[in-house]
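I have placed the structure first, in the form of C-alpha coordinates, so that the comments after it can refer back to it.
The structure presented is a predicted model; accordingly, all values stated were derived computationally and were not measured.
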Amino acid sequence: MDRKIEITVNGEKLALASEVRLGDFMEQRGLPPSSVVERNGQVIPKDRRHLVILRDGDVLEIVRLVGGG
Amino acid sequence: MSIKALTIAGKKLRSRLFLGTGKFSSPEIMARALEASGAEVVTVALRRVELDNPQDDILSHIDRAKYLLLPNTSGARDANEAVRIARLAREASGINWLKLEVTPEPNYLLPDPVETLRAAETLVKEGFVVLPYINADPILAKRLQDIGCAAVMPLGAPIGTGRGVKTADQIRIIVEQATVPVVVDAGLGLPSHVCQSFELGADAVLVNTAVAVAKDPVAMAQAFRLAVEASLQSIAAGPMEESEKASASSPLTGFLR
(Lines give C-alpha, C1' and ligand atoms only; values in the text may rest on other atoms or scores of the structure.)
Protein backbone atom coordinates (compact mmCIF):
# COMPACT_ATOMS: atom_id res chain seq x y z
CA MET A 1 0.00 0.00 0.00
CA ASP A 2 2.92 2.43 -0.40
CA ARG A 3 2.89 2.76 -4.16
CA LYS A 4 2.31 6.25 -5.56
CA ILE A 5 -0.82 6.47 -7.63
CA GLU A 6 -2.58 9.02 -9.79
CA ILE A 7 -6.34 9.23 -9.88
CA THR A 8 -8.84 11.58 -11.52
CA VAL A 9 -11.46 13.16 -9.29
CA ASN A 10 -14.16 15.33 -10.82
CA GLY A 11 -11.97 15.90 -13.85
CA GLU A 12 -8.87 16.83 -11.82
CA LYS A 13 -5.75 14.68 -11.69
CA LEU A 14 -4.56 13.96 -8.15
CA ALA A 15 -1.32 12.30 -7.06
CA LEU A 16 -1.61 10.20 -3.92
CA ALA A 17 1.28 8.85 -1.87
CA SER A 18 -0.21 5.38 -1.82
CA GLU A 19 -3.28 3.33 -2.54
CA VAL A 20 -5.98 4.31 -0.09
CA ARG A 21 -9.45 3.23 0.85
CA LEU A 22 -12.15 5.44 -0.67
CA GLY A 23 -13.73 6.12 2.72
CA ASP A 24 -10.40 7.26 4.18
CA PHE A 25 -9.68 9.42 1.13
CA MET A 26 -13.02 11.18 1.55
CA GLU A 27 -12.44 11.77 5.24
CA GLN A 28 -8.92 13.10 4.69
CA ARG A 29 -10.24 15.52 2.09
CA GLY A 30 -13.10 16.65 4.32
CA LEU A 31 -15.71 15.60 1.76
CA PRO A 32 -19.25 15.51 3.11
CA PRO A 33 -20.45 12.03 4.09
CA SER A 34 -23.67 12.73 2.17
CA SER A 35 -21.78 12.84 -1.13
CA VAL A 36 -21.81 9.81 -3.41
CA VAL A 37 -19.13 8.35 -5.60
CA GLU A 38 -18.97 6.84 -9.04
CA ARG A 39 -15.75 4.97 -9.69
CA ASN A 40 -14.89 4.00 -13.26
CA GLY A 41 -18.55 4.33 -14.18
CA GLN A 42 -19.94 2.29 -11.27
CA VAL A 43 -21.80 3.78 -8.30
CA ILE A 44 -20.16 2.83 -5.00
CA PRO A 45 -22.81 2.30 -2.34
CA LYS A 46 -22.20 4.45 0.77
CA ASP A 47 -21.77 1.41 2.98
CA ARG A 48 -19.00 -0.02 0.77
CA ARG A 49 -16.74 3.02 0.83
CA HIS A 50 -14.51 1.54 3.47
CA LEU A 51 -13.99 -1.62 1.43
CA VAL A 52 -13.03 -0.03 -1.87
CA ILE A 53 -9.33 0.61 -2.43
CA LEU A 54 -8.45 3.34 -4.91
CA ARG A 55 -6.02 2.16 -7.59
CA ASP A 56 -3.77 3.94 -10.03
CA GLY A 57 -5.77 5.34 -12.95
CA ASP A 58 -9.15 5.26 -11.20
CA VAL A 59 -11.62 7.87 -12.39
CA LEU A 60 -13.96 9.17 -9.70
CA GLU A 61 -16.97 11.41 -9.81
CA ILE A 62 -17.89 12.66 -6.35
CA VAL A 63 -21.25 14.39 -6.33
CA ARG A 64 -23.94 15.57 -3.99
CA LEU A 65 -27.47 16.86 -4.00
CA VAL A 66 -27.86 20.61 -4.40
CA GLY A 67 -30.76 22.98 -4.98
CA GLY A 68 -32.36 22.54 -8.38
CA GLY A 69 -35.57 22.54 -10.37
CA MET B 1 -65.87 20.79 -1.83
CA SER B 2 -63.38 17.97 -1.38
CA ILE B 3 -60.37 17.77 -3.67
CA LYS B 4 -59.11 14.33 -4.60
CA ALA B 5 -55.54 13.52 -3.69
CA LEU B 6 -53.07 13.01 -6.49
CA THR B 7 -51.47 9.58 -6.63
CA ILE B 8 -48.18 8.93 -8.41
CA ALA B 9 -46.75 5.40 -8.45
CA GLY B 10 -49.06 4.45 -5.61
CA LYS B 11 -47.98 7.36 -3.41
CA LYS B 12 -50.77 9.69 -2.36
CA LEU B 13 -49.61 13.31 -2.46
CA ARG B 14 -51.21 15.99 -0.35
CA SER B 15 -50.17 18.90 -2.56
CA ARG B 16 -50.38 19.38 -6.29
CA LEU B 17 -47.68 22.02 -6.22
CA PHE B 18 -44.16 20.69 -6.72
CA LEU B 19 -41.43 23.14 -5.78
CA GLY B 20 -37.88 23.36 -7.04
CA THR B 21 -35.08 24.26 -4.65
CA GLY B 22 -32.71 26.03 -7.06
CA LYS B 23 -31.76 29.71 -7.21
CA PHE B 24 -32.82 30.65 -3.66
CA SER B 25 -30.67 33.33 -2.05
CA SER B 26 -30.14 31.19 1.06
CA PRO B 27 -31.08 27.75 2.35
CA GLU B 28 -33.07 29.39 5.13
CA ILE B 29 -35.26 31.29 2.68
CA MET B 30 -35.66 28.12 0.63
CA ALA B 31 -36.84 26.23 3.71
CA ARG B 32 -39.35 28.96 4.58
CA ALA B 33 -40.63 29.06 0.99
CA LEU B 34 -41.09 25.29 1.01
CA GLU B 35 -43.13 25.60 4.16
CA ALA B 36 -45.25 28.45 2.77
CA SER B 37 -45.87 26.64 -0.51
CA GLY B 38 -47.45 23.61 1.13
CA ALA B 39 -45.55 21.49 -1.42
CA GLU B 40 -44.75 17.90 -0.66
CA VAL B 41 -42.63 16.99 -3.69
CA VAL B 42 -39.43 19.02 -3.93
CA THR B 43 -36.86 18.73 -6.67
CA VAL B 44 -33.11 18.71 -6.18
CA ALA B 45 -30.15 18.42 -8.56
CA LEU B 46 -26.88 16.52 -8.46
CA ARG B 47 -23.55 18.28 -8.93
CA ARG B 48 -19.86 17.63 -8.43
CA VAL B 49 -18.51 18.35 -4.96
CA GLU B 50 -15.96 21.14 -5.07
CA LEU B 51 -12.92 19.42 -3.65
CA ASP B 52 -11.47 22.61 -2.14
CA ASN B 53 -14.77 23.97 -0.94
CA PRO B 54 -17.21 21.29 0.19
CA GLN B 55 -20.27 23.30 1.06
CA ASP B 56 -23.23 23.10 3.36
CA ASP B 57 -25.52 20.13 2.79
CA ILE B 58 -28.92 21.02 1.29
CA LEU B 59 -30.45 17.95 2.89
CA SER B 60 -29.90 19.50 6.30
CA HIS B 61 -32.48 22.13 5.31
CA ILE B 62 -35.14 19.75 3.98
CA ASP B 63 -37.17 17.76 6.48
CA ARG B 64 -37.30 14.32 4.89
CA ALA B 65 -40.27 13.33 7.03
CA LYS B 66 -42.27 16.10 5.43
CA TYR B 67 -40.99 16.34 1.87
CA LEU B 68 -40.54 13.80 -0.87
CA LEU B 69 -37.30 14.39 -2.76
CA LEU B 70 -37.49 14.29 -6.52
CA PRO B 71 -33.90 14.37 -7.81
CA ASN B 72 -33.46 15.57 -11.37
CA THR B 73 -30.92 14.68 -14.03
CA SER B 74 -30.25 18.28 -15.00
CA GLY B 75 -27.01 18.75 -16.87
CA ALA B 76 -27.44 15.48 -18.76
CA ARG B 77 -26.81 15.94 -22.47
CA ASP B 78 -27.74 12.43 -23.57
CA ALA B 79 -29.37 9.24 -22.32
CA ASN B 80 -26.13 7.75 -20.99
CA GLU B 81 -25.37 10.77 -18.84
CA ALA B 82 -28.95 10.85 -17.57
CA VAL B 83 -28.75 7.20 -16.53
CA ARG B 84 -25.44 7.76 -14.72
CA ILE B 85 -26.85 10.79 -12.89
CA ALA B 86 -30.01 8.85 -12.02
CA ARG B 87 -28.07 6.02 -10.40
CA LEU B 88 -25.97 8.46 -8.37
CA ALA B 89 -29.05 10.46 -7.40
CA ARG B 90 -30.73 7.32 -6.13
CA GLU B 91 -27.72 6.53 -3.95
CA ALA B 92 -27.55 10.15 -2.70
CA SER B 93 -31.26 10.56 -1.96
CA GLY B 94 -32.14 7.03 -0.95
CA ILE B 95 -35.23 7.12 -3.14
CA ASN B 96 -35.96 5.87 -6.63
CA TRP B 97 -38.12 8.77 -7.85
CA LEU B 98 -36.55 10.73 -10.68
CA LYS B 99 -37.30 13.78 -12.74
CA LEU B 100 -35.67 12.77 -16.00
CA GLU B 101 -34.39 15.69 -18.00
CA VAL B 102 -32.04 15.62 -20.96
CA THR B 103 -31.29 19.09 -22.25
CA PRO B 104 -28.35 19.15 -24.66
CA GLU B 105 -28.92 22.63 -25.99
CA PRO B 106 -27.95 25.54 -23.69
CA ASN B 107 -29.98 28.47 -25.02
CA TYR B 108 -33.49 27.17 -24.55
CA LEU B 109 -32.76 24.04 -22.48
CA LEU B 110 -35.36 22.18 -24.51
CA PRO B 111 -35.54 18.48 -23.73
CA ASP B 112 -34.21 15.98 -26.28
CA PRO B 113 -37.14 13.63 -26.99
CA VAL B 114 -35.10 10.75 -28.44
CA GLU B 115 -32.55 10.65 -25.63
CA THR B 116 -35.28 11.13 -23.01
CA LEU B 117 -37.22 8.14 -24.30
CA ARG B 118 -34.05 6.02 -24.46
CA ALA B 119 -33.08 6.91 -20.91
CA ALA B 120 -36.63 6.33 -19.66
CA GLU B 121 -36.66 2.81 -21.10
CA THR B 122 -33.48 1.91 -19.21
CA LEU B 123 -34.50 3.58 -15.97
CA VAL B 124 -38.00 2.11 -15.84
CA LYS B 125 -36.41 -1.34 -16.23
CA GLU B 126 -34.06 -0.54 -13.36
CA GLY B 127 -37.03 0.17 -11.10
CA PHE B 128 -37.00 3.95 -11.09
CA VAL B 129 -40.22 5.94 -10.75
CA VAL B 130 -39.60 8.09 -13.82
CA LEU B 131 -41.19 11.51 -14.33
CA PRO B 132 -39.83 12.78 -17.65
CA TYR B 133 -39.54 16.47 -18.48
CA ILE B 134 -40.65 16.83 -22.09
CA ASN B 135 -41.69 19.31 -24.67
CA ALA B 136 -45.47 19.37 -24.88
CA ASP B 137 -45.59 16.62 -27.50
CA PRO B 138 -48.65 14.38 -27.13
CA ILE B 139 -47.13 11.48 -29.09
CA LEU B 140 -43.99 11.49 -26.99
CA ALA B 141 -46.06 11.73 -23.81
CA LYS B 142 -48.00 8.66 -24.89
CA ARG B 143 -44.84 6.73 -25.74
CA LEU B 144 -43.42 7.52 -22.32
CA GLN B 145 -46.55 6.50 -20.45
CA ASP B 146 -46.70 3.30 -22.52
CA ILE B 147 -43.20 2.24 -21.46
CA GLY B 148 -44.05 2.73 -17.79
CA CYS B 149 -43.26 6.31 -16.79
CA ALA B 150 -45.14 7.31 -13.63
CA ALA B 151 -46.14 10.75 -14.93
CA VAL B 152 -45.29 13.11 -17.75
CA MET B 153 -44.03 16.65 -17.26
CA PRO B 154 -44.65 18.81 -20.32
CA LEU B 155 -43.23 22.32 -20.36
CA GLY B 156 -45.33 25.46 -20.52
CA ALA B 157 -42.35 27.45 -21.82
CA PRO B 158 -38.57 27.04 -21.58
CA ILE B 159 -37.10 26.63 -18.09
CA GLY B 160 -36.77 29.83 -16.11
CA THR B 161 -38.49 32.05 -18.67
CA GLY B 162 -41.69 32.73 -16.73
CA ARG B 163 -43.56 33.07 -20.01
CA GLY B 164 -46.55 30.96 -18.98
CA VAL B 165 -48.41 28.17 -20.72
CA LYS B 166 -47.41 28.79 -24.32
CA THR B 167 -48.12 25.14 -25.16
CA ALA B 168 -51.75 25.14 -24.04
CA ASP B 169 -53.23 23.38 -27.08
CA GLN B 170 -50.72 20.52 -26.88
CA ILE B 171 -51.11 20.16 -23.13
CA ARG B 172 -54.86 19.79 -23.63
CA ILE B 173 -54.23 16.86 -25.98
CA ILE B 174 -51.69 15.30 -23.59
CA VAL B 175 -54.27 15.48 -20.80
CA GLU B 176 -56.97 14.03 -23.02
CA GLN B 177 -55.02 10.85 -23.70
CA ALA B 178 -53.10 10.57 -20.43
CA THR B 179 -53.35 7.49 -18.26
CA VAL B 180 -50.69 8.88 -15.89
CA PRO B 181 -50.66 12.24 -14.09
CA VAL B 182 -49.67 15.30 -16.13
CA VAL B 183 -47.43 17.79 -14.34
CA VAL B 184 -46.92 21.10 -16.11
CA ASP B 185 -43.29 21.96 -15.54
CA ALA B 186 -41.17 24.90 -16.58
CA GLY B 187 -42.04 28.36 -17.75
CA LEU B 188 -44.68 29.11 -15.13
CA GLY B 189 -44.01 32.62 -13.90
CA LEU B 190 -47.22 33.72 -12.21
CA PRO B 191 -50.00 32.21 -10.12
CA SER B 192 -52.34 32.80 -13.09
CA HIS B 193 -50.20 30.39 -15.13
CA VAL B 194 -50.88 27.77 -12.49
CA CYS B 195 -54.61 28.39 -12.77
CA GLN B 196 -54.40 28.04 -16.54
CA SER B 197 -52.54 24.73 -16.21
CA PHE B 198 -55.20 23.24 -13.98
CA GLU B 199 -57.97 24.59 -16.19
CA LEU B 200 -56.35 22.69 -19.08
CA GLY B 201 -56.67 19.55 -16.97
CA ALA B 202 -53.17 19.22 -15.51
CA ASP B 203 -52.88 17.16 -12.34
CA ALA B 204 -50.03 19.14 -10.81
CA VAL B 205 -47.53 21.92 -11.52
CA LEU B 206 -43.85 22.38 -10.82
CA VAL B 207 -42.52 25.84 -10.05
CA ASN B 208 -39.05 26.99 -9.09
CA THR B 209 -37.66 30.21 -10.55
CA ALA B 210 -40.90 32.16 -10.14
CA VAL B 211 -40.72 31.62 -6.39
CA ALA B 212 -36.96 31.64 -5.89
CA VAL B 213 -36.25 34.94 -7.64
CA ALA B 214 -39.32 36.84 -6.40
CA LYS B 215 -38.55 39.86 -4.23
CA ASP B 216 -40.24 37.99 -1.38
CA PRO B 217 -39.96 34.27 -2.14
CA VAL B 218 -41.88 33.20 0.95
CA ALA B 219 -44.88 35.38 0.09
CA MET B 220 -44.69 34.24 -3.53
CA ALA B 221 -44.66 30.60 -2.45
CA GLN B 222 -47.85 31.25 -0.57
CA ALA B 223 -49.37 33.02 -3.58
CA PHE B 224 -48.69 29.92 -5.69
CA ARG B 225 -50.18 27.70 -3.03
CA LEU B 226 -53.35 29.81 -3.04
CA ALA B 227 -53.51 29.67 -6.84
CA VAL B 228 -53.39 25.89 -6.72
CA GLU B 229 -56.13 25.80 -4.10
CA ALA B 230 -58.32 28.27 -6.00
CA SER B 231 -57.90 26.32 -9.25
CA LEU B 232 -58.73 22.96 -7.75
CA GLN B 233 -61.67 24.27 -5.81
CA SER B 234 -63.12 25.99 -8.86
CA ILE B 235 -62.80 22.81 -10.91
CA ALA B 236 -64.48 20.79 -8.16
CA ALA B 237 -67.21 23.43 -7.93
CA GLY B 238 -68.15 22.96 -11.61
CA PRO B 239 -67.42 26.10 -13.61
CA MET B 240 -70.02 27.68 -15.89
CA GLU B 241 -69.90 27.15 -19.63
CA GLU B 242 -68.78 29.90 -21.95
CA SER B 243 -71.28 31.35 -24.41
CA GLU B 244 -71.09 33.75 -27.34
CA LYS B 245 -74.12 35.87 -26.44
CA ALA B 246 -74.85 37.84 -23.28
CA SER B 247 -77.12 36.41 -20.66
CA ALA B 248 -78.46 38.97 -18.18
CA SER B 249 -77.59 38.51 -14.54
CA SER B 250 -80.49 40.74 -13.41
CA PRO B 251 -84.18 39.84 -13.87
CA LEU B 252 -85.56 40.49 -17.36
CA THR B 253 -89.01 41.51 -16.05
CA GLY B 254 -90.33 44.53 -14.15
CA PHE B 255 -88.33 47.14 -16.05
CA LEU B 256 -89.24 50.78 -15.48
CA ARG B 257 -90.62 52.12 -18.77
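At a 4.5 Å heavy-atom cutoff, the contact between B:Leu59 and chain A is made by side-chain atoms alone. Proximity to chain B is limited to the backbone of A:Val37, based on heavy atoms less than 4.5 angstrom apart. Proximity to chain A (any heavy atom under 4.5 Å) is restricted, for B:Leu69, to the side chain, taken from C-beta onward.
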All donor-acceptor atom pairs under 3.5 Å, backbone and side chain, chain B-chain A:
from: B:Thr21; atom 1: N; to: A:Gly68; atom 2: O; distance (Å): 2.9
from: B:Thr21; atom 1: OG1; to: A:Gly68; atom 2: N; distance (Å): 3.0
from: B:Thr21; atom 1: OG1; to: A:Gly68; atom 2: O; distance (Å): 3.4
from: B:Thr43; atom 1: OG1; to: A:Gly68; atom 2: O; distance (Å): 2.9
from: B:Ala45; atom 1: N; to: A:Val66; atom 2: O; distance (Å): 2.8
from: B:Ala45; atom 1: O; to: A:Val66; atom 2: N; distance (Å): 2.8
from: B:Arg47; atom 1: N; to: A:Arg64; atom 2: O; distance (Å): 3.0
from: B:Arg47; atom 1: O; to: A:Arg64; atom 2: N; distance (Å): 2.8
from: B:Arg48; atom 1: NE; to: A:Glu61; atom 2: OE1; distance (Å): 2.8
from: B:Arg48; atom 1: NH1; to: A:Asn10; atom 2: O; distance (Å): 3.2
from: B:Arg48; atom 1: NH2; to: A:Glu61; atom 2: OE2; distance (Å): 2.7
from: B:Val49; atom 1: N; to: A:Ile62; atom 2: O; distance (Å): 2.8
from: B:Val49; atom 1: O; to: A:Asn10; atom 2: ND2; distance (Å): 2.9
from: B:Gln55; atom 1: O; to: A:Arg64; atom 2: NH1; distance (Å): 2.6
from: B:Gln55; atom 1: O; to: A:Arg64; atom 2: NH2; distance (Å): 3.0
from: B:Asp57; atom 1: OD2; to: A:Ser34; atom 2: OG; distance (Å): 3.0
from: B:Asn72; atom 1: ND2; to: A:Gly69; atom 2: O; distance (Å): 3.3
from: B:Arg84; atom 1: NE; to: A:Glu38; atom 2: OE1; distance (Å): 3.4
from: B:Arg84; atom 1: NE; to: A:Glu38; atom 2: OE2; distance (Å): 2.8
from: B:Arg84; atom 1: NH2; to: A:Glu38; atom 2: OE1; distance (Å): 2.6
from: B:Glu91; atom 1: OE2; to: A:Lys46; atom 2: N; distance (Å): 2.7
from: B:Lys99; atom 1: NZ; to: A:Gly69; atom 2: O; distance (Å): 2.7

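Take B:Lys66 and apply the salt bridge (Lys or Arg N to Asp or Glu O under 4.0 Å) test, not counting sequence neighbours, and it matches B:Glu35. Remark: B:Gln222 pairs with no residue by the side chain to side chain donor-acceptor pair (under 3.5 Å) rule, at least two apart or across chains.
For the set B:Val42, B:Val44, B:Val49, the count of heavy-atom pairs under 4.5 angstrom toward chain A peaks at B:Val49. Options B:Ala92, B:Ala45, B:Ala212 differ in how many heavy-atom pairs under 4.5 Å they form with chain A, and the most are formed by B:Ala45.
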- Query: Do A:Val66 and B:Leu46 pass the side-chain contact (heavy atoms from CB on, under 4.5 Å) test, and can you show the C-alpha distance, the side-chain angles, and the key distance before you say yes or no?
  - Reply: CA-CA 6 Å; A:Val66 298; B:Leu46 197 78; over 6 Å; no
List, one per line, each side-chain donor-acceptor pair under 3.5 Å for residues 188-197 of chain B, sequence neighbours excluded.
from: B:His193; atom 1: ND1; to: B:Gly189; atom 2: N; distance (Å): 2.9
from: B:His193; atom 1: ND1; to: B:Leu190; atom 2: N; distance (Å): 3.1
from: B:Ser197; atom 1: OG; to: B:His193; atom 2: O; distance (Å): 2.9

